[in-house]
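The analysis underlying the following values was restricted to heavy atoms, covering all of them including side chains, and did not include hydrogens, waters or symmetry mates. As the structure lists them, so they are numbered: ligands from 1, and atoms in each ligand from 1.
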Amino acid sequence: MGELESERTVSGKQYVIIGGGLAGARAVQGIRRMDKEGGIVMVTADSEVPYHRPALYKGYLTGKEDLDHVYVKPSEYYVEQKVDLITSTRATQIDRTAQQVALEDGSVISYDSLLLATGGRPWRLPIPGNDLRNVFTLRTLADADAIRRAGQSGERALVLGGSFIGSEVASSLSQLGLRVSMVFPESRLLERVVPEAFSHFLQLKYETAGIHILPGTKPESLNGDEQVEWAVLENGETVDADLVVMGVGIRLNTELAAEAGLEMDGRGGIVVDEYLRTSDPSIYAAGDIASWPDVTFDKRLRVEHWDVAWRQGMRAGRNMAGEHKPYRTLPYFFSDLFDVSLEVWGDLSAWDRTVQRGKLESGSYAFYYFHQENLVGVLAVNRPDSERDPMVSLVKTRPKLEDIGSKLADESSDLSALLG
Ligand SMILES: Cc1cc2nc3c(=O)[nH]c(=O)nc-3n(C[C@H](O)[C@H](O)[C@H](O)COP(=O)(O)OP(=O)(O)OC[C@H]3O[C@@H](n4cnc5c(N)ncnc54)[C@H](O)[C@@H]3O)c2cc1C
């Protein structure tokens, strides 16, 4: 990095955080709980202080929440905590030998302890018209603002993708009064994550709200003069649209880590140990990009969930500042789809059976997921408080279907009794 122009001044232990998302913000809090004096530099490509991304499709997109509810901490917090916050700037290189990070503005920052919390960037389907005006993805506040503006002047929205982001955005745009169509290649909504009965229940809810669902097909092209007017689908149908939102997944921002020679998991994630340290002990990783050894499932997990960024950010920060405690939290996520607020504990990446507890029509139900006979997770909607702790404990102990299946399905049976 010899040709780089300037070096930022360093005093005391120097923490550098690359990425100003949730994991980065929480790392600041974690470091400051352990070390009030060390220097903290946060470099982020975002133009804003860290904010909560789920709010982008929920309250912020629908206009029910203002910016104050979206930020993780107000901007004054970073001043009070003496964080040198460098926004709208990318880190471009890590020199592990010199323990320095180069920024795109030519400056160099030295670190004693470095956190990578660079998250992901939305992917765009590689189809003609994907760059027309009014074709959006949703990851940043600016994206949400642009979608909201387009929604105010348009009437018809086309959402591409039938997993969580697509389903969440479709429900919010519909609540904004737009006529929404959803197109996705799977045969039903949230196919990989929820059982068929729940999928159909949701689909009915979506259709009742006026959302036109087109499963089992993909867009072939987006067409219009400068801005999209209609989409042509692979099944030959056309869908008119005043705006298009692609919710088709993300690509991880892990090039920096790979180029620095850190161990990667083969699928783009950065390998960390149970303390969230990468293969270089002075570099940590947290949030969407971290592939950690999970104690419950005895395998590496990497998930793109708010709760993981929240907890790993804090744990990484504390560990960087000397605490040295392992990360052992059971993965958890939530999603709001119209009036359905669902919560999931565990690992739903592979499952072959579910057991339902409670009727869908009652508004309070749960699905217990099994893979090769063992419990791997639970999806719960509005279950009684008394079931919360046992539900989570059950997932952690991973009992066998044959031992608990019939009792789980019987709402009158006490879940705590199943913990043995
Ligand atoms: C619209 C939306 C809705 C969501 N809803 C839910 C939900 O309902 N439930 C749930 O559990 N999860 C949800 N998630 C997922 C959750 O928000 C993410 O898992 C979480 O934000 C990940 O945080 P992170 O800090 O790891 O990464 P990010 O939030 O992606 O932050 C990464 C940061 O790194 C910066 N950066 C990247 N590269 C560089 C670089 N080279 N130099 C400097 N800075 C860089 C970026 O600008 C950004 O500030 C949602 C996500 C989105 C986008």
Closest protein heavy atom (residue, atom, distance) for atom 36 (N) of ligand 1: Thr118 O, 4.0 Å
Between Thr87, Asp46, Val303, Val344, which one has a non-hydrogen atom sitting closest to atom 49 (O) of ligand 1? Asp46
Quick one: is the NZ or CZ of Arg353 closer than 6.0 Å to the six-membered ring centre of Tyr368, and within 45° of its axis? no
So which of Arg133, Arg149, Arg156 actually passes salt bridge (charged side-chain N to carboxylate O under 4.0 Å, His left out) with Asp242? Arg156
For Tyr15 and Tyr111: C-alpha separation, side-chain torsions, deciding distance, then whether ring pair (Phe, Tyr, Trp, His ring centres under 6.0 Å) applies. CA-CA 6 Å; Tyr15 304 94; Tyr111 63 84; over 10 Å; no
Hey, which atoms in ligand 1 end up nearer than 4.0 Å to a heavy atom of Thr44? 43 (C), 44 (N), 47 (O), 49 (O)
Which residue and non-hydrogen atom of the protein lie closest to atom 7 (C) of ligand 1, and at what distance in Å? Phe334 O, 3.4 Å
Ranking Asp336, Leu256, Asp307, Leu138 by closest non-hydrogen atom to atom 1 (C) of ligand 1, top hit is Leu138
Need the ligand 1 atom indices (1-based, order shown) with element for anything under 4.0 Å from a heavy-atom of Tyr57. 3 (C), 5 (N), 8 (O)
Counting only heavy atoms from other residues, nucleotides and ligands, does the tally under 6.0 Å from NZ of Lys36 exceed 12? yes
Suppose we measure from atom 18 (C) of ligand 1 to each protein heavy atom; which comes out shortest, and what is that distance? Asp288 OD1, 3.5 Å
Looking only at protein heavy atoms, identify the closest one to atom 10 (C) of ligand 1 and say how far it is in Å. Trp306 N, 3.5 Å
Best match, Pro54, Gly119, Ala27: closest heavy atom to atom 6 (C) of ligand 1: Pro54
Write out the residue and atom name of the closest protein heavy atom to atom 40 (C) of ligand 1, then the distance separating them to 0.1 Å. Ala91 N, 3.8 Å
Give me the one residue out of Leu116, Asp265, Asp288, Ile270 that meets side chain to side chain contact (heavy atoms under 4.5 Å, CB included) with Thr254. Ile270
When the ring planes of Tyr327 and Trp292 are compared, do they come out parallel, tilted or perpendicular, using 30° and 60° as the limits? perpendicular
Show me which atoms of ligand 1 lie under 4.0 Å from any heavy atom of Gly21. 25 (O), 29 (O), 31 (O), 33 (C), 49 (O)
The atoms of ligand 1 lying under 4.0 Å from a heavy atom of Gly20, numbered in the order shown, are 33 (C), 34 (O), 49 (O)
Would one find more than 12 heavy atoms of other residues, nucleotides or ligands at under 6.0 Å from atom CD of Glu323? yes
Identify the two heavy atoms, one from Val43 and one from Ala91, that lie closest to each other, and give their separation to 0.1 Å. CG1-N, 4.3 Å
Numbering the atoms of ligand 1 from 1, which are under 4.0 Å from a heavy atom of Thr89? 43 (C)
Verify the ring-centre separation between Phe164 and Phe333: is it less than 6.0 angstrom? yes
Identify the closest protein heavy atom to atom 38 (N) of ligand 1: which residue and atom is it, and at what distance? Arg90 NH2, 3.4 Å
Please indicate whether any nitrogen or oxygen in Arg139 is less than 3.5 Å from any nitrogen or oxygen in ligand 1. yes
Pick, from Ala117, Gly19, Pro331, the option with the minimum heavy-atom distance to atom 32 (C) of ligand 1. Ala117
Taking only heavy atoms of Gly287, which atoms of ligand 1 are found under 4.0 Å from at least one of them? 26 (O)
Tell me, which protein residue and heavy-atom name are nearest atom 2 (C) of ligand 1, and how many Å apart are they? Ile165 CD1, 3.3 Å
Arg121, CZ atom: more than 12 neighbouring heavy atoms under 6.0 Å: yes
Distance filter under 4.0 Å to Ala23 heavy atoms, resulting ligand 1 atoms: 25 (O)
Stepwise side-chain hydrogen bond (donor to acceptor under 3.5 Å, both in side chains) test for Glu48 and Tyr71: CA-CA 9 Å; Glu48 308 270 347; Tyr71 293 127; 2.6 Å; yes
With a 4.0 Å heavy-atom cut-off (strictly under), which part of Ile18 contacts ligand 1: side chain, backbone, both or neither? side chain
With no hydrogens and no angle check, do the side chains of Thr89 and Glu104 hold a donor and an acceptor under 3.5 Å apart? no
Quick one: does Ala309 get an N or O within less than 3.5 Å of an N or O on ligand 1? no
Is the closest side-chain heavy-atom distance between Ser167 and Tyr57 below 4.5 Å? no
In this structure, atom 17 (O) of ligand 1 is nearest to the protein heavy atom Arg53 CB, 3.4 Å
Any atoms of ligand 1 less than 4.0 Å from a non-hydrogen atom of Glu168? List them with their elements. 5 (N), 8 (O)
Out of Glu304, Met42, Gln312, who is nearest to atom 15 (C) of ligand 1 when you count heavy atoms only? Glu304
Verdict with supporting geometry, Tyr60 and Tyr51, ring pair (Phe, Tyr, Trp, His ring centres under 6.0 Å): CA-CA 11 Å; Tyr60 188 69; Tyr51 47 88; 8.7 Å; no
